[in-house]
Amino acid sequence: MRYADQHVHCTCSFDAAGTLPEMAAAAERRGLRAVYFTDHVDMADARTGETAPDWEQVRGKLLAREAEHAAFADGQGVEVRFGMELGEPCQAPETAAEAAGTEGLDLVIASVHNLPHTPDFYFYDYHSEAECEELNRRYLTELLRTAEMDCFDVLGHIGYTSRYMAQRGFRERITVAKYGDELREILLRLIENGRGIECNGSGFRGGGSAPFPDRDVLTLYRELGGEIITVGSDAHDPTQIGMGVEEVYGLLRSCGFLYVTEFRRRNPLFITLT
């Protein structure tokens, strides 16, 4: 089975290192069938958490991204599709809705990278397990607020906080055992609203052994009746393209999923997991 990587960043994103042609070429070398460029459209500043949507500037970057693709598309052996990762939509809901309404998008991933007035969890200076737990509870509350919105297709990388807490040496994690009630409420809200989740393979990079979300959350989602699920590597440079995608497909099969979802012009298509 040839895979689609539905979460990829190019230099249109502030934190990515590969141009669109470089990333697409890497996807072709890895044998991917399709790659979705879901560059950051953030409603808050990553380092401060202050609301700072600059939609007009971002719109210009997205247009430049598509023009760059058009200039290099001849002879390209991988299908290129366009979307966005809509960060912190709760912090500027009107601007977020305007951004998500951009014509021609295939997929909108809603993500929470930071809490209001708080740095991205990547930049956060953690001090204790108790602080990590308090941050996780606030993070899950923000995910629930996001799940209640209607400007996206899938909720991205549930459990994002766990990655960076682990890197700083803390044990606190988003798990069903500890946060099952909160996770159940989030997943049910998504299902009721016709939205899905992303399974983000970045957790398999650097020696990691689980995606975001992990097996237990995926199993809970399936048991609750969840069906819409996309798969992406969250690649930010050409070496990361497609990483973890095959592992995620295998994990979904083992969790009992029959289909993976790919989006075309914001409409879900269900692809049989073979």
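These values consider heavy atoms only, across backbone and side chains, with no hydrogens, waters or symmetry-generated copies. From a predicted model like this one, the values you see are computed outputs, not experimental measurements.
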(request) Check each of L107, T102, L20 against F82 using the side-chain contact (heavy atoms from CB on, under 4.5 Å) test, and report the only one that passes. (result) L20

(message) Would you call the rings of F14 and H40 parallel, tilted or perpendicular, taking 30° and 60° as the class edges?
(response) tilted

(message) A quick test of your reading: do over 12 heavy atoms of other residues, nucleotides or ligands sit less than 6.0 Å from CZ of R205?
(response) yes

(request) Check the side chains of Q240 and S233 for a donor-acceptor pair under 3.5 angstrom, ignoring hydrogens and angles. (result) no

(message) Could you check whether R195 makes a cation-pi contact with F152, meaning its NZ or CZ is under 6.0 Å from the centre of the six-membered ring and within 45° of the ring axis?
(response) yes

(message) Less than 6.0 angstrom separating the ring centers of H69 and F37, yes or no?
(response) no

(message) Between R2 and E79 (salt bridge meaning N to carboxylate O under 4.0 Å), is one present in this structure?
(response) no

(message) Tell me the closest heavy-atom pair linking L143 and I158, and the distance in Å.
(response) CD1-CG2, 4.1 Å

(request) Answer with yes or no whether the side chains of S128 and E131 bring together a donor and an acceptor at under 3.5 Å. (result) no

(request) Could you label the plane-to-plane angle of the H157 and Y160 rings as parallel, tilted or perpendicular, counting under 30° as parallel and over 60° as perpendicular? (result) parallel

(message) I'd like to know if K178 pairs up with E133 as an ion pair, taking the criterion as any Lys NZ or Arg NE/NH1/NH2 lying under 4.0 Å from an Asp or Glu carboxylate oxygen.
(response) yes

(message) Strictly distance-based, threshold 3.5 Å: is any side-chain N or O of E185 a donor or acceptor partner for the main-chain N or O of L144?
(response) no

(request) Mark yes or no for whether D153, through its side chain, and V108, through its backbone, hold a donor-acceptor pair below 3.5 Å. (result) yes

(request) State whether K61 and D39 are salt-bridged, where the test is any N-O pair (Lys NZ or Arg NE/NH1/NH2 against Asp/Glu carboxylate O) under 4.0 Å. (result) no

(request) Decide, yes or no, whether a salt bridge links R145 with E142 under the criterion of side-chain N to carboxylate O below 4.0 Å. (result) yes

(message) Side-chain heavy atoms nearer than 4.5 Å, only ILVMFWY residues, links allowed to pass through others: does that put F212 and M165 together?
(response) no

(message) Apply side chain to side chain contact (heavy atoms under 4.5 Å, CB included) to residues D42 and E88 and explain how you reach the verdict.
(response) CA-CA 6 Å; D42 294 327; E88 295 67 60; 4.0 Å; yes

(request) Would you tell me whether D120 and H113 have side-chain atoms, one donor and one acceptor, within less than 3.5 Å of each other? (result) no

(message) Please confirm whether the ring centroid of Y139 lies under 6.0 Å from the ring centroid of F121.
(response) yes

(message) Looking at D106 and R265, is there a salt bridge between them, counting it only when a charged N and a carboxylate O are closer than 4.0 Å?
(response) yes

(request) Report yes or no: do R215 and S254 form a side-chain donor-acceptor pair below 3.5 Å? (result) yes

(message) I'd like to know whether the aromatic ring centres of Y124 and Y164 sit less than 6.0 Å apart in this structure.
(response) no

